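What you are looking at is a predicted structure, and each value in this text was computed from that prediction instead of being measured.
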Amino acid sequence: MKTKLIYIILAFLSFSPGLLSGQVISPSVEKFLNLEKNQYFADRDSAYADPVYGLKKLIYGNRRFAEDKSINPRQTDQDLKNTEAGQAPFAIIIGCADSRVPNEIIFDQGVGDLFITRTAGQVMAEASFGTIEYAVEVLKTRLIVVLGHQSCGAVDAAMKLPANPPGHVVTLINSIKPASLRAKAQNLPAKEVLDVAIKENVIEQVKMLRGLEPVLSRKFDGEDILIVGAVYDLQTGYVNFIEETITSLPAFNASLASK
C-alpha cells in the first residue's frame, strides 16, 4: 500500500511542473519564448529590441531571484552615472504598491532596466495611462507587464465590498469589483476565490490596455508592443505569467501559423 502511494505521488508531481520548480510555464509558451531549462541569463540589448526576448529576460531574472541566485546587475555608482544622459528601459511594469513586491528585486534587474508605475491593485487612471504612453512613445519600450500578486489587499477589499470605504479607497474597489464578482460567481473556497479574483483583475487590466486609444491599441494591433499579465507568488518568489495573456498575442498566433 505504501509503495502504491509513493507511485501515485510521483505520478502527480510529474504532471505538475509548478510543484517541483515553482515556475509555472506551459509547454506552448516555453516553445514560443524559446525558454531553456536551467538557464538564468538573457542579453539586455536584445530584450530592449525584441519584447518577446524581453519576456524571456524577465523570466530568467525572476528565476535567479526565486532560486537565490540573484546577481544584482547594474546597481553600482557607475551604473547610476551612466544613465544620467537618458534611459532605455526594456520593460514597463504596472504593479501593485504593496511593499512586498519590489519589482527590480524580484526580476533581478538594475538601474535603467524597468520603467515602473505602482498603485494599490495596479488600478490605472489617466496619470498612469500617460506614464505608460510616455515610456512607449518617448523611451521606445516595447514590453508592458501588468503584475498582480498573491494576497493582494486591494483585491481582498473589493471582494468584501465594505459599505463605507474611507476616502478615495472606493475608487480602487470599484475598479476591481468586476473581477471580484466574476471570481465569486465560480463558488470556490475563500482562499481560491481570492486567487482567481487577483488573476481576473490582471486579465481585465491587460484587455483594457490593449484597447486603450490612441497609442496603446494602435501599437499593440500593429505588433510594435506586447502587453501581458503575471502574478507574483509571495511564498515561492516566482512570477507566473498568465498563459491566456500570452497565447492571445498576435505574435503567438503568428508563430503557430508559421509552423
**Report entry** Ser248 vs Arg210, side-chain hydrogen bond (donor to acceptor under 3.5 Å, both in side chains): CA-CA, chis, key distance, verdict
**Finding:** CA-CA 11 Å; Ser248 58; Arg210 288 178 177 181; 2.8 Å; yes
Report task. List the steps and the verdict of side-chain contact (heavy atoms from CB on, under 4.5 Å) for Leu161 and Lys184. Result -> CA-CA 12 Å; Leu161 294 176; Lys184 284 182 176 180; 4.2 Å; yes
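Counting all heavy atoms, side chain and backbone alike, Asp224 lies closest to Arg142 at O-NE, 2.6 Å. Closest of all the heavy-atom pairs between Ile71 and Asp108 is N-OD2, 2.8 Å. The nearest pair of heavy atoms linking Ala120 to Ala97 is N-CB, 3.9 Å. The minimum heavy-atom distance linking Ser26 with Glu243 is given by the pair OG-OE2, 3.1 Å. In terms of heavy-atom proximity, Met124 sits nearest to Ile132 at SD-CD1, 3.8 Å. Annotation for Pro250 and Phe220: closest pair CD-CZ, 3.7 Å, computed over non-hydrogen atoms.
A donor-acceptor contact shorter than 3.5 Å is absent between the side chain of Thr83 and the backbone of Gln87. Of the possible donor and acceptor atoms, none in the side chain of Asp98 sits under 3.5 Å from a partner among the backbone N and O of Gly121. A distance-only check finds a donor-acceptor pair linking the side chain of Thr245 to the backbone of Ile242 [under 3.5 Å].
Taking OG of Ser28 as the start and CG of Leu33 as the end, the distance is 9.5 Å to the nearest 0.5 Å. Taking CD1 of Ile116 as the start and CD1 of Ile92 as the end, the distance is 11.0 Å to the nearest 0.5 Å. From Ser151, atom OG reaches atom CG of Asp195 across 7.0 Å, with rounding to the nearest 0.5 Å. In this structure, Arg100 CZ and His149 NE2 are separated by 6.0 Å, a value rounded to the nearest 0.5 Å. With values rounded to the nearest 0.5 angstrom, Asp45 atom CG is found 10.0 Å from Tyr53 atom OH. Separating the OH atom in Tyr238 from the CD atom in Glu67 is a distance of 3.5 Å, to the nearest 0.5 Å.
One hydrophobic cluster holds both Val145 and Ile25 under the rule that ILVMFWY side chains link at heavy-atom gaps under 4.5 Å. Under the 4.5 Å side-chain heavy-atom criterion for ILVMFWY residues, no single connected hydrophobic cluster contains both Ile173 and Leu181. Grouping the Ile, Leu, Val, Met, Phe, Trp and Tyr side chains by contacts below 4.5 angstrom, directly or via other members, places Ile59 with Val52. Under a hydrophobic-cluster definition in which Ile, Leu, Val, Met, Phe, Trp and Tyr are linked whenever side-chain heavy atoms come within less than 4.5 Å, directly or via other members, Ile105 and Phe90 are assigned to the same cluster. Placement of Phe65 and Leu234 within a single hydrophobic cluster is found when ILVMFWY residues are connected by side-chain heavy-atom separations under 4.5 Å, directly or transitively.
When side chains are defined from C-beta on, Leu58 counts as touching Ile93, because their heavy atoms get closer than 4.5 Å. Val29 has its side chain out of reach of Phe241: every pair of non-hydrogen atoms, C-beta onward, lies at least 4.5 Å apart. Proximity of Gln23 to Asn62: side-chain heavy atoms (C-beta onward) are separated by under 4.5 Å at one or more points. A 4.5 Å side-chain heavy-atom check between Lys199 and Glu244 finds at least one atom pair inside the cut-off. With a 4.5 Å cut-off on side-chain heavy atoms, Gln39 and Phe41 count as touching. The closest side-chain heavy-atom distance from Leu35 to Tyr60 is below 4.5 Å. At least one side-chain heavy atom of Asn201 sits under 4.5 Å from a side-chain heavy atom of Gln122. Side-chain contact between Leu209 and Ile94 is present, with heavy atoms from C-beta onward closer than 4.5 Å.
Listed by chain and residue number, Lys160 satisfy the salt bridge (Lys or Arg N to Asp or Glu O under 4.0 Å) test with Asp156 (two or more places apart in sequence, or in another chain). Glu30 pairs by the salt bridge (Lys or Arg N to Asp or Glu O under 4.0 Å) definition with Lys37, not counting sequence neighbours.
For the residue pair Ser217 / Glu213, a side-chain donor-acceptor distance below 3.5 Å is found, with atom types taken as modelled. Side-chain contact of Gln75 with Asp79: a donor-acceptor pair under 3.5 Å is absent, judged by distance alone.
With Val239 as the partner, the side chain to side chain contact (heavy atoms under 4.5 Å, CB included) test is satisfied by one option alone out of Asp233, Val101, Leu147, Val231: Leu147. Shown are Asp113, Val111, Ile106; of these, the side chain to side chain contact (heavy atoms under 4.5 Å, CB included) with Gln109 is made only by Asp113. Between Ile227 and the choices Ile144, Val136, Leu143, the side chain to side chain contact (heavy atoms under 4.5 Å, CB included) rule is met once, by Ile144.
Within 6.0 Å of the CD atom in Gln78, the count of heavy atoms belonging to other residues, nucleotides or ligands exceeds 12.
Pairs of residues two or more places apart, or lying in two chains, never qualify as side chain to side chain donor-acceptor pair (under 3.5 Å) while including a residue from residues 126-141.
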